[in-house]
There are 2 protein chains.
Amino acid sequence: MGNRGKASPPPEAYRPDDYPRPSVTVDIVIFTVLDGDLKLLLIQRGEPPFEGRWALPGGFVRVGDAMADRGEGLDEAAARELAEETGLPEGSAYLAQLHCFGAPDRDPRMRVITVAYYALVRPDLVPLVQAGSDAREARWFSVAEEVKPDRLAFDHAEILEVAVERLRQQLEMAPIAFELVPATFTIAELRAVHEAVMGVTYDPGNFRRRFMRMITDGIIEQAPGKRPTGTKPAKVYRFVRPHPRR
Amino acid sequence: MGNRGKASPPPEAYRPDDYPRPSVTVDIVIFTVLDGDLKLLLIQRGEPPFEGRWALPGGFVRVGDAMADRGEGLDEAAARELAEETGLPEGSAYLAQLHCFGAPDRDPRMRVITVAYYALVRPDLVPLVQAGSDAREARWFSVAEEVKPDRLAFDHAEILEVAVERLRQQLEMAPIAFELVPATFTIAELRAVHEAVMGVTYDPGNFRRRFMRMITDGIIEQAPGKRPTGTKPAKVYRFVRPHPRR
DNA sequence: TCAATAGTGTCTTTCAGACAGTATATA
DNA sequence: TATATACTGTCTGAAAGACACTATTGA
């Protein structure tokens, strides 16, 4: 980028300060899996536009005011928002940038460009969530059963759609399922996460074998103890780098 | 952070207009493959900062000034920049959003957040490129041989790195190689593209079989004619939806 | 005729999916 | 004892990689 930037063939030398600037926000699609169901944290808006509607948590990126204060980076802003909205300590959830949305009319008030992130909260942390969240109403919704995309504020339905798509894709490519189970877990629990996210069922035997390979690959290892299941107790495993952020 | 309205747990009701806003640009990593080599279009900067250094083409997103004019969307801005910088008609290259970069100090002058895109230009269009590009010096660089990441302006080395990574990933997942060959192509040409992008060599026989499957899948089909190769002429194929944009 | 590339065939390994079978806990 | 789930084994088919082989052109 550079100066010049404006119109098609104009020569050079634009002082960027001359350009109108958009507001920039981060919005976060916060997922967890509870009881074998993919859930999403939404916040009820307290004022217009979309008053009373449910929306993704988010907020403005702190940009600073000039030379002195340059504000925060995008990942930083997202981590801060995530912590603020959930009450969880920073770094306790997986967080990754998703996509940038900037349709001119996505906010009726003004031009707002948002950098969407998605976050994965381990289910054992969910009980801690409500605690820290601020005044506004926050609730977990079942993505499959409860979320009504056309009732979401702004373009958040579109963001959610991209997020689910990306989550599914990542789940098949990266060792990311561990971000959605407690520190130790059984194969069945891991399978439940996959099934909840992908919206399919997996053959228990085949699924197990697939993850047994991760043991020989050194990605997961058996942990001490067993998990009672109602019938035969199951072995528990843990992710080798115990719940890595990145 | 010091916007006057800091913001951590504050109740509500910020008039977004109160917040300082960043400049927002789009930067485009424009790839092509020429002579079996992955190339990148860079532009030499004519003024500080980074005067004389090579940079990704890009420019400011038109944001409009108020109610009346809301400006353009991000994809729109990227398509416009791409057209302006290459002289190619809009829509003649594949274009997809890559990632958003917003480190506070990525532009020494001021706070600038950039939405990075990557573009794929078919090699048969490359000769048309210089024509339309404006006064500034633009040149194709071999990504493997010529680009010196630490000589690039701003954080463009980082953007490039992410772009190459994404391109490789996409090449293995999506029918995207067709964006880097002429409308009709031989298997060897397609293989050359894959080899250039991935930086490896493929067994010709195995590679062929892999793409023969795309015929039965209806993704590519044989086209009339043969391509002389110096020895035995090769069959030519075409992408079934002839070079789809999206 | 030779060199070079186009194009085909075969063998092996890996892995996913279907599915049967065994083991071990609780009710 | 019954049953539900943990866990193991087997078969099949798809696909990738290594590699040998045939076909067809230009020089």
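Below, chain A is the first sequence line, B the second, and so on; all start at residue 1.
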TODO: To the nearest Å, give me how far apart CZ (B/Phe207) and P (D/dG17) are.
DONE: 11 Å

Open item on the list: Under the rule for side-chain contact (heavy atoms from CB on, under 4.5 Å), what residues qualify as partners of A/Arg208, not counting sequence neighbours?
Closed with: A/Ile187, A/Met212

Task: Ring centroid separation A/Phe178 to A/Phe185 under 6.0 Å - done: yes

Task: Whether over 12 other heavy atoms sit under 6.0 Å from A/Arg139 CZ - done: yes

Open item on the list: From NZ of B/Lys226 over to C1' of D/dT24, roughly how many Å is that when rounded to an integer?
Closed with: 9 Å

Open item on the list: Tell me whether A/Asp217 at atom CG has more than 12 heavy atoms from other residues, nucleotides or ligands lying less than 6.0 Å away.
Closed with: yes

Open item on the list: Suppose we screen for side-chain contact (heavy atoms from CB on, under 4.5 Å). Which residues come up paired with B/Leu125, at least two apart in sequence or across chains?
Closed with: B/Leu88, B/Ser92, B/Val121, B/Arg122, B/Leu128

- [ ] Would you mind reading off the distance between A/Arg191 atom CZ and D/dC7 atom C1', rounded to a whole angstrom?
- [x] 11 Å

TODO: Can you tell me the distance, in whole Å, between the NZ atom of B/Lys235 and the C1' atom of D/dA23?
DONE: 11 Å

TODO: Under the side-chain contact (heavy atoms from CB on, under 4.5 Å) rule, collect the residues that match up with B/Ala119, sequence neighbours excluded.
DONE: B/Ile28, B/Ile30, B/Leu82, B/Leu95

TODO: Send over the distance from B/Tyr202 OH to D/dA15 P, rounded to a whole Å.
DONE: 17 Å

TODO: Check B/Pro123 against B/Leu34 and note the closest heavy-atom contact, atom names and distance.
DONE: CB-CD2, 3.8 Å

- [ ] Specify the separation, in whole Å, of atom CG of A/Asn206 and atom C1' of D/dG9.
- [x] 11 Å

Open item on the list: Below 4.0 Å from chain A heavy atoms, what is the first contacting nucleotide of DNA chain C and what is the last?
Closed with: C/dC15 to C/dT26

TODO: Test A/Val33 against every option in A/Leu180, A/Val143, A/Val126, A/Leu120 by the side-chain contact (heavy atoms from CB on, under 4.5 Å) rule and name the one that passes.
DONE: A/Leu180

- [ ] Could you identify which residues of residues 208-216 of chain B place a heavy atom less than 4.0 Å from some atom of DNA chain D, listed by residue number, or say none?
- [x] B/Arg209, B/Arg213

Task: Atom-to-atom span, NZ of A/Lys232 to P of D/dA6 - whole angstrom - done: 9 Å

TODO: Can you tell me the distance, in whole Å, between the CD1 atom of B/Ile187 and the C1' atom of D/dA23?
DONE: 17 Å

Task: Most 5' of A/Pro233 and B/Thr229 on DNA chain C, judged by nearest nucleotide - done: B/Thr229

Task: ring-ring contact (aromatic ring centres under 6.0 Å, His included) involving B/Phe50 - partner list, sequence neighbours excluded - done: B/Phe154

